[in-house]
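Whatever order the structure lists them in is the order used to number ligands and atoms, beginning at 1.
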Amino acid sequence: MHVNIVRWLLRRIITDMRISFLGAAKEVTGSCFLIEVPAGRFLVDCGMFQGGTGAYRKNLGALSAPFAAKALDFVLLTHAHLDHCGLLPRLTAFGFRGPIFATAATCDLVEVLLMDSAHIQEKEAEWENRHHHERHARRGWERAPLYTVNQARECLRQLIRCDYERSIEPIAGVRLVLRDAGHILGSAIAEVWVDAAATTRKLVFSGDLGQPARPVLRDPTPIAEADILVVESTYGNRLHKRLAETEDEIVSALDDTLRRKGGNVIMPAFAVGRTQEVIYVLADLVRKGRLQPMTIYVDSPMAMAATELTLRHQQLLDDETRDLIEWQRHHPERLRVRFVETVDESMALNEVRAGAVIVAASGMCEAGRVKYHLLHNISRHECSVVITGFQAAGTLGRRLVDGARRVRIFGEELPVRADIHTIGGLSAHADRAALLAWLEGFRRPPAHCFVVHGEAQTAIDFAAAVRQLGWPRVDVPEYGQQVGIGAAP
Ligand SMILES: [Zn+2]
């Protein structure tokens with residue numbers, strides 16, 4: 001009897017551990033998980049909801065209801081993409097004063113991305129209020145930025161730089177280690193050990209996982225054990241093309257444009273991650289002699305900052321990439337990478353009629369300098385647009401991929417005469433096979449696995465595949481759902 005009461009009490013204490021899914025539940029943005037354990041409470045990621053008309057309202061409501069920001073002990077950040085860190089300044093504005101743990105490279109990238117994001121928030125609010133002034137005045141409403149540049153700067157002071165592979169103890173009873181996730185520079189898988197009564201539970205958060213055997217970054221670190229696993233599923237229903245096939249496509253598109261047709265190549269690319277990957281792939285193809293020597297113009301201030309950070313954190317790159325950087329240093333004449341800093345320099349590129357490879361943001365052709373380059377090149381037969389990233393529905397990039405014959409850029413209706421090449425094989429995310437291979441690295445199935453960060457059907461399909469591995473309990477959580485993660489039933 002006495003023993004039973006003790007056991008009951010222990011289980012009460014242990015099951016007093018909870019995880020709440022505050023984002024990335026049946027969708028790919030807004031990553032945010034609240035963990036409540038006997039020792040305290042913390043967030044893993046604090047991401048922004050992106051895409052779609054409802055994103056702003058969702059972001060407004062995101063951190064207000066479920067918990068008090070002031071009562072959080074710390075935040076653990078897996079990587080610098082905005083859908084993982086984009087609401088941190090709001091958390092600070094709501095009164096969170098604790099530390100935000102992330103790798104050093106993530107801290108550097110977060111600074112670049114959050115300052116830019118805050119700037120965009122301010123501009124969007126200003127634009128909205130100016131253009132819909134009368135409607136807002138009738139309703140007595142004004143759009144406020146999600147956060148200001150000052151608020152973003154404030155929250156950056158809470159970042160604590162951590163090394164990979166080193167154990168830290170943010171609060172008594174919670175220990176964590178970050179492992180390389182191979183997704184973007186500084187990205188991490190988080191292993192978290194939580195003491196509860198007489199036992200320790202181990203939680204693992206995959207963050208976003210990279211595709212193994214791809215350029216620039218190392219492969220995702222295998223993890224051997226977890227009691228609770230939260231795993232992403234962005235491409236849980238898809239297989240990527242092989243890298244060799246992707247390289248062949250790039251060679252044929254660039255050769256055809258630069259040598260046969262004698263035009264320019266425009267490559268829209270995300271500033272962080274994709275731009276550096278594109279530079280690597282092109283450099284490697286020039287080194288192998290598969291492409292002629294060339295000049296790449298990188299026209300995006302943020303891409304320049306991200307590329308500088310990548311070089312500053314060279315120890316995080318894979319061996320092949322470090323070799324390639326060394327090669328390029330000794331052969332600057334074979335591959336010139338020119339960072340276009342000023343708007344004047346960017347405009348000067350409009351006069352270049354042939355032989356230029358221009359890599360510019362934004363990745364989906366919706367904003368930024370790439371629109372100017374498209375304006376000047378899209379109606380010329382001898383030019384090409386080489387698309388290397390995901391293009392969301394409704395974007396200019398998507399219309400080009402879908403074969404639009406005419407597009408509107410800055411109010412000007414233009415015929416599409418340039419060739420549009422869609423290169424599918426570059427992705428920062430592990431595909432279905434790579435995700436499953438990573439899961440098979442666990443020595444024993446986790447007691448409870450949660451599939452997150454995937455569109456609803458993708459996450460559901462991927463969860464079914466994980467159950468096929470013989471894992472006992474695999475769930476796809478709902479937005480806002482709270483689940484006990486104490487002792488196994
Ligand atoms: Zn990511």
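No other N/O/S atom of His81 lies as close to the Zn ion (ligand 1) as ND1 does. Asp208 contributes OD2 as its N, O or S atom closest to the Zn ion (ligand 1).
Side chains of Leu114 and Cys85 form a contact here, defined as non-hydrogen atoms less than 4.5 Å apart. Side-chain atoms of Leu239 and Arg432, non-hydrogen and from C-beta on, do get closer than 4.5 Å to each other.
Checking His84 against the Zn ion (ligand 1), every N/O/S atom stays at or beyond the 2.8 Å cut-off. Backbone or side-chain N, O or S atoms of His429 do not reach the Zn ion (ligand 1) at under 2.8 Å. Backbone or side-chain N, O or S atoms of Asp83 do not reach the Zn ion (ligand 1) at under 2.8 Å.
A salt bridge is absent between Glu455 and Lys26: the closest approach of a Lys/Arg side-chain nitrogen to an acidic carboxylate oxygen does not fall below 4.0 angstrom.
Looking at Thr234 and His453, their side chains do bring a donor and an acceptor atom within 3.5 Å of each other.
Between Tyr479 and Phe21, the ring center distance fails the sub-6.0 Å criterion.
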